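A short write-up of the structure that comes next.
In this text the structure is predicted, and so the values were computed from the model without any measurement.
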Amino acid sequence: MVEQNLWLEEYEQKLPAFICPHCNTGRLALTKKGISRKTPHYLHQQYREAELHDMGAGIFHAFMVCQMENCGEVVSVTGDFRVQYDYVGTDYNRDPIVDEDLKLTVRAIMPAPPIISFSEALAERPAGHLLKSFELFWVDLGSCANRVRIVVETLLDQLSVPRQRTGKKGNLVDMNLMDRIDELDKIKPGHGDALQALREVGNVGSHEGVVDLSDLLDCYELLEATLEELLDDKRAKLASKAASIRARKGRPST
């Protein structure tokens, strides 16, 4: 399940507790050094010339560490920040009290936290592309969507859906992704709409370079559910459990 509050275009005041990319269980937390911020000289000048003394911007960097005792993965996070300073009064020494309204835009996380979980049954090639999409999510959403599309392509390879078919003249012709998804739906029905949605958002990312964040997160959620069904037969296993209980009329098994 995609945790929508983790995957934002901008964060207020702090970074969220991302899932650890190594153990996939623990949560990441900032080190004691916190968030380091640096403003380029030219930006300082621009703010001074515009007399914007209550504003600032620049580059931030932070290290985050997995809180699982037996893991301790270290993750590097970098991006842009902007800040608004608000004067709220003075302390008992008559020194000014200033609140910071800090906004953080992540541009890269290495290694990248997982956006969805996925089965160990996923083959190496599609799994590799999926992990790469997690990295690209922070760098460029269009490229990320394209990589998710490649996950679908290689997933169909894993499921032995052919890339070619026999044409009208008896020769082999290439099948596009739309046709391959339709072919899978003949063998394992019920997943066509989800995979076609991934294909279409991936196409937009490839050809137009820009996709909607919410659409991309929806695609990850569709992909997660589809992988559970195609690789883990989750629905079939649940149906089997239900059938077992009903066969016993709800009584304990002996």
*For Glu124, check side-chain contact (heavy atoms from CB on, under 4.5 Å) against everything at least two apart and list the hits.*
none

*Please list, chain by chain and in numerical order, all residues satisfying side-chain contact (heavy atoms from CB on, under 4.5 Å) with Asp174, sequence neighbours excluded.*
Gln164

[Y] backbone acceptor or donor facing [X] side chain under 3.5 Å:
X: Asn93; Y: Asp95; result: no
X: Asp99; Y: Tyr87; result: no
X: Gln67; Y: Val65; result: yes

Give the table of side-chain donor-acceptor pairs shorter than 3.5 Å for residues 135-144, with sequence neighbours excluded, one pair per line with atom names and distance.
{"unit_1": "Glu135", "atom_1": "OE1", "unit_2": "Lys132", "atom_2": "NZ", "d": "3.1"}
{"unit_1": "Asp140", "atom_1": "OD2", "unit_2": "Gly142", "atom_2": "N", "d": "3.3"}
{"unit_1": "Asp140", "atom_1": "OD2", "unit_2": "Ser143", "atom_2": "N", "d": "2.7"}
{"unit_1": "Asp140", "atom_1": "OD2", "unit_2": "Ser143", "atom_2": "OG", "d": "2.8"}

With side chains defined as the heavy atoms from C-beta onward, is the minimum distance between [X] and [Y] less than 4.5 Å?
X: Asn171; Y: Val173; value: yes
X: Val204; Y: Asp215; value: no
X: Leu43; Y: Gln46; value: yes

Of all residues at least two apart in sequence or in a different chain, which pass the salt bridge (Lys or Arg N to Asp or Glu O under 4.0 Å) check with [X]?
X: Glu208; value: none
X: Lys103; value: Glu12, Asp101
X: Lys32; value: none
X: Asp80; value: Arg107

*Hey, are Arg199 and Gln196 close enough side-chain-wise for a donor-acceptor pair under 3.5 Å?*
yes

*Could you please spell out the steps behind the side chain to side chain contact (heavy atoms under 4.5 Å, CB included) verdict for Asp157 and Arg163?*
CA-CA 8 Å; Asp157 292 339; Arg163 285 181 176 261; 2.8 Å; yes

Per-pair distances, 0.1 Å, donor-acceptor, side chain in residues 113-123, under 3.5 Å, sequence neighbours excluded:
{"unit_1": "Ser117", "atom_1": "OG", "unit_2": "Glu224", "atom_2": "OE2", "d": "2.9"}
{"unit_1": "Ser119", "atom_1": "OG", "unit_2": "Ala121", "atom_2": "N", "d": "2.9"}
{"unit_1": "Ser119", "atom_1": "OG", "unit_2": "Asp232", "atom_2": "OD1", "d": "2.8"}
{"unit_1": "Ser119", "atom_1": "OG", "unit_2": "Asp232", "atom_2": "OD2", "d": "3.4"}

*Give every residue pair that meets the ring pair (Phe, Tyr, Trp, His ring centres under 6.0 Å) criterion with at least one member in residues 187-215, sequence neighbours excluded.*
none

*Inter- and intrachain pairs under ring pair (Phe, Tyr, Trp, His ring centres under 6.0 Å), touching residues 23-48, at least two apart*: none

*Are Ile109 and Met68 connected in a single hydrophobic cluster, I mean Ile/Leu/Val/Met/Phe/Trp/Tyr linked by side-chain heavy atoms less than 4.5 Å apart?*
no

_Residues Glu183 and Arg180 bridged, charged N to O under 4.0 Å_ = no

Could you give the side-chain donor-acceptor pairs of residues 53-64 under 3.5 Å, partners two or more places apart or in another chain?
{"unit_1": "Asp54", "atom_1": "OD2", "unit_2": "Gln84", "atom_2": "NE2", "d": "2.9"}
{"unit_1": "His61", "atom_1": "NE2", "unit_2": "Ser76", "atom_2": "OG", "d": "2.8"}

_Contact list for residues 18-31, test side-chain hydrogen bond (donor to acceptor under 3.5 Å, both in side chains), sequence neighbours left out_ = Glu3-Arg27

